[in-house]
Amino acid sequence: MHHPPYAPVWYPASILRWSPGDDPDREFNQSRVPLAPRELNTYRPMNQQSRVEKARVAACVAFAATPNNLSQGVLDHAFYACGYWQYIDILVFWGGAAGEGLILAPNPHVTDAAHRHGVRVFGNVFFPEAGSGGRSCCVDAFLTRRADGSFPVADKLIEAARFYGFDGWFINQETDRSGDDQRHGEFRDFLAYASERKPDGFMWYELSGSLAEDNVRILQDGKTRVSDSIFLDYAWMSERRGDKRHTLRDSAATAEKAGRSGRDLYAGLETVQGRGDPEVAVKHVSLALFRPDHETMKASGNGRDLEKFHEGEATFWVGGRRDPSDVPQGTRWGLARYIVERTPVLRDPFVTHFNTGHGTAYYAQGKRVRTGGWANLSLQDVMPLYRWVVDPERAALKPRFDYEDAFEGGTSLLLLMPHEAARPSLLPLFQAQMRVTPQTEFSVVAKPDEEEWECLEIAVALKQAPQEFLRIRLEPQERINGWVRLRGTPDSTVSGTAVQLGLWVRPPVPAPIRLGQLSVLTAELAAPPAPTDLKIQQSIPLSLNRRALRLRWKPAAAGAPSSSPLRHYEVYRGEDRSVLLGATLNTCFYVESLERDRLEKETPLVVCAVGPTGHRSGVAKTVVEW
């Protein structure tokens with residue numbers, strides 16, 4: 001039977017039979033982006049009321065129904081393209097159902113985007129309540145021990161996380177209530193065993209809603225670290241535990257008495273029904289958001305209206321004014337009020353195309369190579385941390401993501417400013433920790449006319465004066481398919497660590513300006529070496545003139561010279577690379593549908609490697625014979 005590759009999903013019995021070597025989709029489901037280091041923004045928190053002490057955020061996000069998480073993205077823009085990673089520490093890939101599978105691994109393109117921003121990704125283990133099909137025999141199978149006391153399912157969970165490239169597991173046990181002492185003890189032993197072999201990789205869902213002397217051992221048992229963290233059920237909101245009053249302050253104190261931080265506890269906030277108060281929770285513990293995707297997708301017609309999608313995302317994460325520096329008290333969510341941004345922009349080369357990871361078309365070096373919706377978070381760039389803060393004239397400059405044109409991917413950054421605006425506007429975009437010298441080159445790719453670029457300058461703040469932004473002039477250097485590359489370097493007196501990076505926009509601005517790339521480099525990046533040996537692994541007839549394909553290729557030959565790392569691969573129909581079929585970080589790709597063009601006897605396919613700045617390699621070729 002023909003089917004595309006999906007994220008792996010198992011029951012306890014079936015994961016014991018799983019082996020990477022027996023999985024035909026194994027390479028499609030491997031994340032290739034390592035977890036990026038990142039730093040807390042202590043130089044210029046955008047919201048002065050946000051709490052710098054160590055509160056963190058876990059987000060349980062559902063991207064698709066449990067069996068429908070396609071491995072390499074979808075051919076539709078209506079997809080939850082999470083972009084506020086700077087406020088998230090752990091993403092739980094939410095899913096699981098009695099009739100679909102209880103153990104769900106994340107698909108790799110979500111992991112790729114999260115890791116690029118320094119966010120850990122956990123798969124989900126869900127044992128539903130009996131009324132929703134939960135069965136005690138599944139829990140028994142999950143907790144089965146060998147004679148030596150080891151847990152075979154724990155070994156498989158660890159093996160799967162390491163093979164597919166994600167970071168751990170969220171354990172949500174509701175079939176046999178976790179308050180039951182025996183079950184609680186069995187899961188404690190399971191987690192202690194697993195955490196010893198993969199530390200910092202297991203989050204437990206605590207149904208009681210609090211931590212006390214009778215259940216603290218699920219977090220820490222003497223000197224044994226049992227769980228990395230705990231998601232406290234929404235019962236904490238009643239601030240009662242049985243007949244005894246028990247607050248989040250008490251839970252945090254219990255954790256600290258056991259030798260753990262109170263911030264290892266995450267108070268559940270139920271966003272679907274609007275339950276929970278982050279201002280209360282963040283005083284003592286961290287925050288656990290259940291389904292932050294729900295409000296955004298609902299407000300945007302399930303993601304179809306992209307402008308409303310970004311409005312909904314901004315409202316949830318940074319408040320109704322959509323400005324992280326100005327979140328009014330009483331805003332229901334507005335996480336920027338409570339959580340300080342964290343940045344992965346710690347070194348050069350740094351390149352962003354402002355690509356959100358979904359769109360209604362796809363562009364390569366300013367040329368449209370796909371018409372139609374798509375979503376693939378493997379292609380998402382590091383998103384601007386400050387969306388949007390404009391100073392000093394908040395009403396003058398209006399930035400937003402634009403899907404009408406792009407330089408790379410599906411999105412550009414659109415800047416609108418009234419012609420009558422009197423003063424320059426500062427647009428901070430990224431917090432950073434990167435070395436800047438007179439040899440550092442700043443580059444912007446923008447549109448439309450070369451003659452109008454005096455209105456754009458780079459803004460950089462150095463560690464020794466983090467609130468003062470230097471201006472770096474930009475000069476046009478080359479035209480690329482209607483776009484203009486502008487470059488500039490600091491003067492000879494500038495040397496230090498850049499902690500803020502953005503733009504100065506000076507009036508008059510003659511027309512809307514689109515930005516398609518922003519880069520900070522100390523050395524020019526060329527195209528990566530070309531892939532080799534492109535083969536059709538499987539050709540699946542769908543009709544007389546339509547096929548699905550599984551393609552595979554090899555990376556560049558060992559020792560091939562390169563001054564540029566690989567960003568991703570692109571698969572095209574035709575040697576002119578005018579029709580994009582898709583993109584991936586892996587060396588395999590699934591073509592959902594290839595249509596025969598009239599009565600052609602052969603359809604050429606090519607794959608090229610793409611570097612961080614968009615330079616493309618030569619191609620590997622093959623043909624589909626009809």
Undergrad: Under a 3.5 Å distance rule, please check whether Gln86 uses its side chain to pair with a backbone N or O of Val340 as donor and acceptor.
TA: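 Such a contact is absent between Gln86 side chain and Val340 backbone.
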
Undergrad: Working to the nearest 0.5 Å, report the span between CD of Glu206 and CG of Leu211.
TA: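 That separation rounds to 7.0 Å.
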
Undergrad: Can you confirm whether Arg116 sits close enough to Val382 that some side-chain heavy atom of one is under 4.5 Å from a side-chain heavy atom of the other?
TA: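 Heavy-atom side-chain distance check passes, below 4.5 Å.
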
Undergrad: For side-chain contact (heavy atoms from CB on, under 4.5 Å), just list the numbers for Val345 and Gln431, CA-CA rounded to whole Å, side-chain angles, deciding distance to a tenth of an Å, and then say yes or no.
TA: CA-CA 7 Å; Val345 185; Gln431 192 250 337; over 6 Å; no

Undergrad: Parallel, tilted or perpendicular: which fits the ring planes of Phe170 and Tyr205, with parallel below 30° and perpendicular above 60°?
TA: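 If you compare the ring of Phe170 with that of Tyr205, the planes turn out tilted.
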
Undergrad: Have a look at Asp89 and tell me which of Arg38, Arg120, Arg56 forms a salt bridge (charged side-chain N to carboxylate O under 4.0 Å, His left out) with it.
TA: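 One option only clears the test, and that one is Arg38.
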
Undergrad: Flag the pair Trp317 / Trp333 as yes when their ring centroid distance falls below 6.0 Å, and as no otherwise.
TA: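 They do not qualify: ring centres at least 6.0 Å apart.
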
Undergrad: Does CZ belonging to Arg249 count more than 12 external heavy atoms closer than 6.0 Å?
TA: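 Atom CZ in Arg249 is not packed in, count stays at 12 or less.
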
Undergrad: Run Phe79 and His77 through side-chain contact (heavy atoms from CB on, under 4.5 Å) and show every step you take.
TA: CA-CA 6 Å; Phe79 186 85; His77 71 269; over 6 Å; no

Undergrad: For the residue pair Tyr6 and His3, does the interplanar ring angle fall in the parallel (under 30°), tilted (30 to 60°) or perpendicular (over 60°) class?
TA: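 It falls in the parallel class, under 30°.
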
Undergrad: Got a salt bridge between Arg225 and Glu196, using NZ or NE/NH1/NH2 to carboxylate O under 4.0 Å?
TA: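 No, no charged N to carboxylate O under 4.0 Å.
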
Undergrad: Using side-chain heavy atoms (C-beta onward) and a distance below 4.5 Å, is Thr271 in contact with Phe316?
TA: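 They are in contact (side-chain heavy atoms under 4.5 Å apart), so the answer is yes.
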
Undergrad: Would you call Lys554 and Asp533 a salt bridge, using N to O less than 4.0 angstrom?
TA: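 Salt bridge: yes.
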
Undergrad: Start with the C-alpha distance between Tyr266 and Ile90, add both sets of side-chain angles, then the distance that settles side-chain contact (heavy atoms from CB on, under 4.5 Å), and finish with yes or no.
TA: CA-CA 11 Å; Tyr266 291 72; Ile90 299 172; 4.0 Å; yes

Undergrad: Could you grab the distance from atom CG of Asn29 to atom CG of Asp23, nearest 0.5 Å is fine?
TA: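 The distance works out to 6.5 Å.
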
Undergrad: For a ring-ring contact (aromatic ring centres under 6.0 Å, His included) check, start with the C-alpha distance between Trp18 and Tyr164, then their side-chain angles and the critical distance, and finish with the verdict.
TA: CA-CA 13 Å; Trp18 168 81; Tyr164 291 121; 5.7 Å; yes

Undergrad: Do the charged groups of Lys283 and Asp277 touch, with an N to O distance under 4.0 Å?
TA: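 The answer is no: the pair does not qualify as a salt bridge.
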
Undergrad: Under a 4.0 Å N-O cut-off, is there an ion pair linking Lys198 with Asp228?
TA: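 Salt bridge: no.
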
Undergrad: Whether the side chain of Gln220 engages the backbone of Gly222 through a donor-acceptor N/O pair (distance < 3.5 Å, no angle test) should be reported.
TA: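 Flag set: sc Gln220 to bb Gly222 pair under 3.5 Å.
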
Undergrad: State whether Arg146 and Asp148 are salt-bridged, where the test is any N-O pair (Lys NZ or Arg NE/NH1/NH2 against Asp/Glu carboxylate O) under 4.0 Å.
TA: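 Salt bridge: no.
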
Undergrad: Run the ring-centre check on Phe187 versus Trp204 and record whether the distance is less than 6.0 Å.
TA: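 Phe187 vs Trp204: aromatic centres under 6.0 Å.
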
Undergrad: Should the ring pair Tyr87 and Tyr84 be called parallel, tilted or perpendicular, given that the plane angle runs from 0 to 90° and is split at 30 and 60?
TA: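 The arrangement is parallel - the two ring planes meet at less than 30°.
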
Undergrad: With side chains defined as the heavy atoms from C-beta onward, is the minimum distance between Leu265 and Leu219 less than 4.5 Å?
TA: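 Touching, per the 4.5 Å side-chain cut-off.
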
Undergrad: Verify, without hydrogens or angle tests, whether Arg291 (side chain) and Val61 (backbone) share a donor-acceptor contact under 3.5 angstrom.
TA: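 Between the backbone of Val61 and the side chain of Arg291 there is no qualifying donor-acceptor contact (under 3.5 Å).
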
Undergrad: What about Phe290 and Trp94, are their ring centers closer than 6.0 Å?
TA: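 So the answer is yes for these two rings.
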
Undergrad: Nearest 0.5 Å, please: how far is CD1 in Ile103 from CG in Asn124?
TA: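 It comes to 10.0 Å.
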
Undergrad: Could you tell me whether the side chain of Glu159 reaches within less than 4.5 Å of the side chain of Pro20, counting heavy atoms only?
TA: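 Contact flag for Pro20/Glu159 side chains = yes.
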
Undergrad: Distance check, rounded to the nearest 0.5 Å: Leu379 atom CG versus Trp374 atom CH2?
TA: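 Going from CG on Leu379 over to CH2 on Trp374, the span is 5.0 Å.
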
Undergrad: Decide ring-ring contact (aromatic ring centres under 6.0 Å, His included) for Trp553 and Tyr569; before the verdict, give the C-alpha distance in whole Å, the side-chain angles of both, and the deciding distance to 0.1 Å.
TA: CA-CA 10 Å; Trp553 57 90; Tyr569 294 101; 5.5 Å; yes

Undergrad: Assess whether side-chain contact (heavy atoms from CB on, under 4.5 Å) is satisfied between Phe127 and Glu174, documenting all intermediate values.
TA: CA-CA 5 Å; Phe127 295 106; Glu174 300 184 45; 5.8 Å; no

Undergrad: How about His358 and Phe309: are their ring centres within less than 6.0 Å of each other?
TA: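 Centroid separation for His358 and Phe309: below 6.0 Å.
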
Undergrad: Is the distance between the ring centroids of Phe430 and Phe350 less than 6.0 Å?
TA: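 Yes, close enough.
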
Undergrad: Can you check whether Gly131's main-chain N or O pairs, donor with acceptor, with Glu129's side chain at less than 3.5 Å?
TA: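 A pair under 3.5 Å: no.
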
Undergrad: Would a 4.5 Å heavy-atom cut-off, applied to side chains only, mark Pro128 and Thr175 as touching?
TA: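 Yes, at least one pair of side-chain atoms sits under 4.5 Å.
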
Undergrad: Within 45 degrees of the ring normal and closer than 6.0 Å to the centroid, is that where the cationic atom of Arg197 sits relative to Phe151?
TA: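 Judged by the rule (NZ or CZ under 6.0 Å from the ring centre, within 45° of its axis), Arg197 is not positioned above Phe151.
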
Undergrad: Walk me through it: do Asp76 and Arg304 pass the test salt bridge (Lys or Arg N to Asp or Glu O under 4.0 Å)?
TA: CA-CA 9 Å; Asp76 191 348; Arg304 305 226 69 82; 2.9 Å; yes

Undergrad: Once you round to the nearest 0.5 Å, how far does CG of Leu191 lie from OG1 of Thr224?
TA: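 Output value for this atom pair is 12.5 Å.
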
Undergrad: Using a cut-off of 6.0 Å, state whether more than 12 heavy atoms not belonging to Arg32 lie near its atom CZ.
TA: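 Yes, CZ of Arg32 has more than 12 neighbouring heavy atoms, counting only those of other groups under 6.0 Å.
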
Undergrad: Is the closest side-chain donor-acceptor distance between Gln538 and Tyr590 under 3.5 Å?
TA: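 No pair is found: no donor N or O on one side chain lies under 3.5 Å from an acceptor on the other.
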
Undergrad: Spell out, as yes or no, whether a donor-acceptor pair under 3.5 Å connects the side chain of Ser286 to the backbone of Ala55.
TA: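 Between the backbone of Ala55 and the side chain of Ser286 there is no qualifying donor-acceptor contact (under 3.5 Å).
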
Undergrad: One thing to verify: whether Asp250 and Lys257 come together as a salt bridge, which I'm taking to mean a side-chain N less than 4.0 angstrom from a carboxylate O.
TA: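 Looking at Asp250 together with Lys257, the answer is no, because their closest N to O distance does not fall below 4.0 Å.
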
Undergrad: Are the side chains of Phe231 and Cys60 in contact, using a 4.5 Å heavy-atom criterion?
TA: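 Heavy-atom side-chain distance check passes, below 4.5 Å.
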
Undergrad: Considering only heavy atoms from C-beta outward, does the side chain of Leu102 approach that of Phe142 to under 4.5 Å?
TA: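 With C-beta onward as the side chain, the pair stays apart.
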
Undergrad: Are the side chain of Asn586 and the backbone N or O of Cys588 linked by a donor-acceptor pair below 3.5 Å?
TA: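 No, Asn586 side chain to Cys588 backbone: no donor-acceptor pair under 3.5 Å.
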
Undergrad: Decide whether Trp85 and Glu341 meet the rule of one side-chain donor and one side-chain acceptor closer than 3.5 Å.
TA: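 No pair is found: no donor N or O on one side chain lies under 3.5 Å from an acceptor on the other.
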
Undergrad: Answer yes if the ring centres of Phe93 and Phe122 are under 6.0 angstrom apart, and no otherwise.
TA: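 Ring centres of Phe122 and Phe93 not closer than 6.0 Å.
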
Undergrad: Hey, are Asp112 and Ser31 close enough side-chain-wise for a donor-acceptor pair under 3.5 Å?
TA: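 Note: Ser31 and Asp112 side chains meet the donor-acceptor criterion.
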
Undergrad: Do Ser71 and Asp25 have side chains that approach each other closer than 4.5 Å (heavy atoms only, starting at C-beta)?
TA: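 No; the side chains remain at least 4.5 Å from each other.
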
Undergrad: Is any side-chain N of the basic residue among Arg217 and Asp189 closer than 4.0 Å to the acidic one's carboxylate O?
TA: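 Not counted as a salt bridge, because no side-chain N and carboxylate O are separated by less than 4.0 Å.
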
Undergrad: Just how far is it from atom CG of Asn302 to atom OG1 of Thr296, taken to the nearest 0.5 Å?
TA: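 Here the interatomic distance stands at 11.5 Å.
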
Undergrad: For Glu570 and His568, test the side chains for any donor-to-acceptor distance below 3.5 angstrom and give the result as yes or no.
TA: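 On atom types as modelled, these side chains qualify, holding a pair under 3.5 Å.
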
